[in-house]
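A short worksheet on the structure shown next.
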Amino acid sequence: GNCTISAASGSCTASLNITQLVNGSKLADGTYTINASVMNATVAGRGFTTNYANLTTIIIDTTEPNEVNKSSSLAAGTNHSVYNLGGNLTLNVTTRDATAGVEVVIFIIKNNTGGVNDTVTAILEGGNTYSSSINTSHYPDGNYSILIFVNDTAGNFNATANSTAIGWNSIKFDSSA
């Protein structure tokens with residue numbers, strides 16, 4: 001934006017519309033550096049410009065996390081209460097977001113009627129690996145689906161987390177078996 005500095009105030013504030021079109025298109029996802037040029041047109045009748053480079057950076061990210069991979073293998077119909085491990089079940093996924101980075105990975109545990117029994121936030125183990133352990137004895141015996149919800153730091157979520165394609169389906173918790 002442009003502004004005019006008066007001798008009385010000596011300051012100026014301008015704003016930048018980051019959704020501004022460039023050559024008819026919105027700015028693409030990526031990291032951008034903000035630079036500024038200040039011109040004083042009154043110095044000896046000629047323009048004098050001062051450039052300020054690398055004032056700040058901004059990230060534009062309109063894309064959901066683009067990779068979600070299940071590391072844990074949980075077969076449908078198999079009892080995953082794992083009595084000999086005290087009912088603890090470890091869930092592992094790897095995920096990444098090319099632009100802003102992953103903010104949170106959540107496992108949504110639903111019973112066979114579709115009701116949400118629990119949401120569990122995963123812990124970043126290192127690199128792109130997230131995990132969480134759940135105690136299956138805390139859930140009523142039955143079949144469950146576990147969906148994976150991945151959110152990036154720009155607020156975009158992995159839309160496929162709402163489908164049964166990403167997660168585990170028809171897994172069994174039966175602590176009495």
Side-chain angles (χ1 to χ4, degrees), residues 16-22 25-35 53-140 142-175:
L16 172 67
N17 181 353
I18 63 170
T19 60
Q20 187 172 5
L21 298 179
V22 176
S25 300
K26 287 188 177 183
L27 291 174
D29 283 5
T31 302
Y32 295 88
T33 302
I34 302 298
N35 302 309
N54 303 317
L55 293 175
T56 191
T57 57
I58 59 169
I59 297 174
I60 295 178
D61 182 1
T62 60
T63 307
E64 69 275 353
N66 56 356
E67 183 181 311
V68 179
N69 297 304
K70 300 179 290 186
S71 303
S72 299
S73 178
L74 305 177
T78 302
N79 185 6
H80 293 285
S81 290
V82 195
Y83 181 76
N84 62 341
L85 296 176
N88 288 324
L89 175 65
T90 300
L91 305 171
N92 293 304
V93 297
T94 57
T95 184
R96 68 181 196 89
D97 181 78
T99 310
V102 173
E103 180 175 354
V104 68
V105 174
I106 297 174
F107 298 108
I108 302 169
I109 302 168
K110 294 184 173 187
N111 61 29
N112 62 351
T113 62
V116 174
N117 284 74
D118 205 356
T119 56
V120 179
T121 302
I123 297 169
L124 176 62
E125 297 292 343
N128 297 324
T129 302
Y130 292 79
S131 72
S132 185
S133 290
I134 60 169
N135 187 334
T136 60
S137 67
H138 294 170
Y139 302 92
N143 289 320
Y144 291 84
S145 294
I146 302 175
L147 303 178
I148 304 165
F149 179 89
V150 180
N151 194 34
D152 68 16
T153 57
N156 304 304
F157 68 92
N158 186 302
T160 58
N162 292 323
S163 76
T164 55
I166 301 295
W168 300 274
N169 298 305
S170 300
I171 62 171
K172 187 176 186 179
F173 295 168
D174 186 351
S175 297

Check: Taking C-beta and beyond as the side chain, do T153 and D61 meet within less than 4.5 Å on heavy atoms?
Finding: no

Next item on the list: State, with a plain yes or no, whether a side-chain heavy atom of V93 is found less than 4.5 Å away from one of N69.
Entry: no

Next item on the list: State, yes or no, whether a side-chain contact exists between L147 and K110 at a heavy-atom distance under 4.5 Å.
Entry: yes

Notebook entry, point to check: Within the distance-only criterion (no hydrogens, no angle test), does the side chain of N117 pair as donor or acceptor with the backbone N or O of N111 below 3.5 angstrom?
Noted result: yes

Next item on the list: Measure the CG-NE2 distance between D118 and H138 for me, rounded to the nearest 0.5 Å.
Entry: 10.0 Å

Margin query: Using side chain to side chain contact (heavy atoms under 4.5 Å, CB included), reason through R96 and N128 one step at a time and then give a plain yes or no.
Written below: CA-CA 6 Å; R96 68 181 196 89; N128 297 324; 4.1 Å; yes

Notebook entry, point to check: Roughly how far, to the nearest 0.5 Å, is CG of L89 from OG of S133?
Noted result: 7.5 Å

Item checked: Shortest non-hydrogen contact from S132 toward V120 -> OG-CG1, 2.8 Å

Item checked: Gap between atom CG of N151 and atom CD1 of I106 - 0.5 Å precision -> 7.5 Å

Check: Can you tell me how far CG of N54 sits from OG1 of T33, rounded to the nearest 0.5 angstrom?
Finding: 5.5 Å

Item checked: Heavy-atom pair of closest approach, residues S137 and N135 -> OG-OD1, 2.5 Å

Checklist line | Between CG on residue L124 and OG on residue S131, distance to nearest 0.5 Å | finding: 9.0 Å

Next item on the list: To the nearest 0.5 angstrom, please state how far the CG atom of N169 sits from the CG atom of N143.
Entry: 10.5 Å

Notebook entry, point to check: Are T94 and T129 linked by a side-chain donor-acceptor pair shorter than 3.5 Å?
Noted result: no

Next item on the list: Check step by step if side chain to side chain contact (heavy atoms under 4.5 Å, CB included) holds for V105 and F149.
Entry: CA-CA 6 Å; V105 174; F149 179 89; over 6 Å; no

Check: For I171 and I146, what are the C-alpha separation, side-chain angles and deciding distance, and is it a side chain to side chain contact (heavy atoms under 4.5 Å, CB included)?
Finding: CA-CA 8 Å; I171 62 171; I146 302 175; 3.5 Å; yes

Notebook entry, point to check: Between Y144 and Y139, what is the ring plane arrangement, given parallel below 30°, perpendicular above 60°, and tilted in between?
Noted result: perpendicular

Note to self: I want to check something: taking the side chain as every heavy atom from C-beta on, are T99 and I59 in contact at a cut-off of under 4.5 Å?
What the structure shows: yes

Item checked: Evaluation steps, side chain to side chain contact (heavy atoms under 4.5 Å, CB included), between I34 and I58 -> CA-CA 8 Å; I34 302 298; I58 59 169; 4.3 Å; yes

Check: If you take all heavy atoms of S170 and S145, which pair is closest and at what distance?
Finding: N-OG, 3.8 Å

Margin query: Do Y130 and F107 have side chains that approach each other closer than 4.5 Å (heavy atoms only, starting at C-beta)?
Written below: no

Item checked: Side chains of N88 and I134 in contact at under 4.5 Å (non-hydrogen atoms) -> no

